[in-house]
Amino acid sequence: MDHKEQAGKNFAWGAFSQMITRVFGLGFFVFMSYFLLEKGMGQYNFISSFVPFWFVLSDFGISGYLYREWSAGLIDLDKIRYDFNLVLTLKLIMSVIIFIPFCIVNWFINQEIFFALVLYYIFLVMSIVVSQIETYLNSTNNFRLGAIRSIIEKIIVISVGGISLYIFPNVESVFLAMVISQFVALLYYFTGRFPFRPSFVFVWTYAFDLIKKGIPFALFSIFLTVYGRIDMVMLKFMKNFETVGWYSAAYKAYEMANIFPGVLFLPAIFPVMSRIVNLENREKYRNFLNSALRILFTSSLLLSIFFIFFAHYVISWFFPDSFVPSVLAMRIIVLVLTSSSLGWLFSNLLIIQKKEKISLGIIVVSCALNVLLNWLFIPQYSLYGAAWATVIAEIFNLILLQHFVDWDKDWKMLSRMFFVVIFLVAFMVLMKMLGLMNNIYVGSSLMVLTVLLFWGLGLLQKDDVGMFYLPFKNKFRSLFYKQDEI
């Protein structure tokens, strides 16, 4: 199986689960908004952003280091099994130690939502075990088990959480359903589907050696967590839960738009890129990277255009009337999609190229900029200031990342990308001046025009589309094709 076909196979399994879980997850998110309203949704999103800060040092970055090494395919299975159990043991020990200060601190500063915080903490402890399992599976290009697990988990959350919200309309009902879903996920893996049996393994000298190798990944994780979640936490402390609720509805558009580039595509190609970089065939690496750049650029821009022009309808059709402030925030936040997608690609490349320290330095600077911009913008512009802070910080982050990655720049392709961006910005400014930003016909026409522009400029190519079409065709050929036609 060649590199593009393997990436496509990974993508197919990811798409199979993510299209189901994300669509149903969006439906459940909207369902929750009618029971919890903006304050309850603010509590839900604040908790899911705040609690992960306590887990940033759960394994001191060892998992990130091991994922890179396992993905290269150069480590024997016995060594992987031993490292897996050691990291799992370390994570569970750290979770128990951290729980005591977690309870003390939140009893005083977040007493109103204390029980919900504890429930989410338990959920994350269980989820780090599931995550550790899938770190190994994904490194071996086995995305099937994780895809099935995520669907089962989502069904449980929606069914149990939906019934609970009818009876007890509060965030605790949702987090309790999430805890139950993680328990089922653990049963799913440890009833014969995972090759390793968990065991307590801990050797201080070896663990310390791994910690030293994982420190760059740990620091990267710390600043990445701050970078990605600080906006909602700052909005809560500088404004209120209602503002967080409005912002979370807008941010949901970014999360939905990010399904293809960030959730499906990038994880699918990471193991493949890890192997390509280790090859001496520079041309294969360059072609694969350029193909990835084209796919991320075109898909993210089209998705951004959709949510910019349909933001008013998304909020008015799916959310309560009190969520009107989310419309403008949504239009701002989706502007970050292209820069964040490309930024994640270059960030992964820095890790593959063993430039973790450079990647760490970049995320530290970008994180500091994001916090500063939020601190400056939120008091005056509220959720819109938080959205603009994210957009500016992501663009800055992309500029730095691409500069330090070892890649052969295709200036012809890059200049065409820049031309498309300038054209779209000018067009949208004109539509804003003419008051046509809510016109779905203008938005739809622009999307069609952009696709034609991509195709005409060579930014959308047949081989790029086929990279993922063929695995789907092979996977579902018995349903959609006659066997004698394959």
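Worth knowing before you read on, the calculation uses all heavy atoms, side chains too, and leaves out hydrogens, waters and symmetry mates.
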Using modelled atom types and a 3.5 Å cut-off, is there a donor and acceptor pairing between side-chain atoms of Ser181 and backbone atoms of Met178? yes
Check for a donor-acceptor pair, side chain of Thr243 on one end and backbone N or O of Lys239 on the other, with a separation under 3.5 Å. no
Between Ala253 and Phe307, the two heavy atoms sitting closest are CB-CD2, 3.7 Å
Donor-acceptor contact below 3.5 Å, side chain Ser48 vs main chain Asn45: yes
Would you call the rings of Phe306 and Phe310 parallel, tilted or perpendicular, taking 30° and 60° as the class edges? parallel
Ser359 side chain to Lys355 main-chain N or O, any donor-acceptor pair under 3.5 Å? no
Side chain to side chain, Leu350 and Ile362, heavy atoms closer than 4.5 Å: yes
Would you find a donor on one side and an acceptor on the other, under 3.5 Å apart, between the side chain of Ser445 and the backbone of Tyr441? yes
Could you walk me through whether Asn110 and Lys236 pass the side chain to side chain donor-acceptor pair (under 3.5 Å) test, one step at a time? CA-CA 11 Å; Asn110 289 309; Lys236 184 267 179 180; 3.3 Å; yes
Step by step, would you call Ser173 with Ser164 a side chain to side chain donor-acceptor pair (under 3.5 Å)? CA-CA 5 Å; Ser173 297; Ser164 299; 5.0 Å; no
Using 30° and 60° as the class limits, which term best fits the ring planes of Phe175 and Tyr44: parallel, tilted or perpendicular? parallel
In short, Leu293 meets Met417 closest at the heavy-atom pair O-CE, 3.9 Å
Side chain to side chain contact (heavy atoms under 4.5 Å, CB included), that's the test. Do Val451 and Leu302 meet it? Break it down for me. CA-CA 8 Å; Val451 171; Leu302 288 172; 3.8 Å; yes
Are Ser322 and Glu38 close enough, and set up right, to give a side chain to side chain donor-acceptor pair (under 3.5 Å), and what steps lead you there? CA-CA 7 Å; Ser322 57; Glu38 58 266 36; 2.9 Å; yes
Closest approach of Ile128 and Ser95, non-hydrogen atoms and distance? CD1-OG, 3.5 Å
May I ask you to decide if Met330's main-chain N or O and Tyr254's side chain share a donor-acceptor pair within less than 3.5 Å? no
Is the ring centre of Phe35 less than 6.0 Å from the ring centre of Tyr166? yes
Rounded to the nearest 0.5 Å, what separation is found between the CD1 atom of Ile333 and the CG atom of Leu383? 9.5 Å
Can you label the angle between the Phe319 ring and the Phe323 ring as parallel, tilted or perpendicular, going by 30° and 60°? tilted
Is a donor on one side and an acceptor on the other found under 3.5 Å between the side chain of Gln402 and the backbone of Ile399? yes
Looking at Phe55, Phe115, Trp54, which one forms a ring-ring contact (aromatic ring centres under 6.0 Å, His included) with Tyr121? Phe55
Are Lys154 and Phe24 in a cation-pi setup, meaning NZ or CZ lies under 6.0 angstrom from the ring centre and within 45 degrees of the ring axis? no
Of the non-hydrogen atoms in Ser366 and Ala393, which two are nearest, and what is the gap between them? O-CB, 4.2 Å
Step through it carefully: locate the ring centre of Phe346, locate the ring centre of Trp407, and say whether they are under 6.0 Å apart. yes
Please report the C-alpha distance between Leu92 and Val129 in whole Å, then the side-chain angles of each, then the deciding distance to 0.1 Å, and finally whether the side chain to side chain contact (heavy atoms under 4.5 Å, CB included) criterion is met. CA-CA 8 Å; Leu92 294 177; Val129 180; 4.0 Å; yes
Might you work through the side chain to side chain contact (heavy atoms under 4.5 Å, CB included) test for Arg331 and Phe309, ending with a clear yes or no? CA-CA 8 Å; Arg331 285 176 170 154; Phe309 280 92; over 6 Å; no
Mutual orientation of the aromatic rings belonging to Phe50 and Phe46 [parallel < 30°, tilted 30-60°, perpendicular > 60°]: parallel
From CZ (Phe168) to CD1 (Ile163), nearest 0.5 Å: 12.5 Å
Where do Lys39 and Glu112 land on the salt bridge (charged side-chain N to carboxylate O under 4.0 Å, His left out) test, with the steps shown first? CA-CA 12 Å; Lys39 182 178 181 179; Glu112 179 187 0; 3.5 Å; yes
Start with the C-alpha gap between Trp246 and Val324, add the side-chain angles, then the distance that decides, and say whether side chain to side chain contact (heavy atoms under 4.5 Å, CB included) holds. CA-CA 8 Å; Trp246 294 326; Val324 171; over 6 Å; no
Donor-acceptor under 3.5 Å (Ser248 side chain, Gly245 main chain): yes
Can a donor-acceptor pair be found, under 3.5 Å and without considering hydrogens, that links the side chain of Arg294 to the backbone of Leu459? no
Quick check against the 3.5 Å criterion: does Ser33 have a side-chain atom that pairs as donor or acceptor with the backbone of Val30? yes
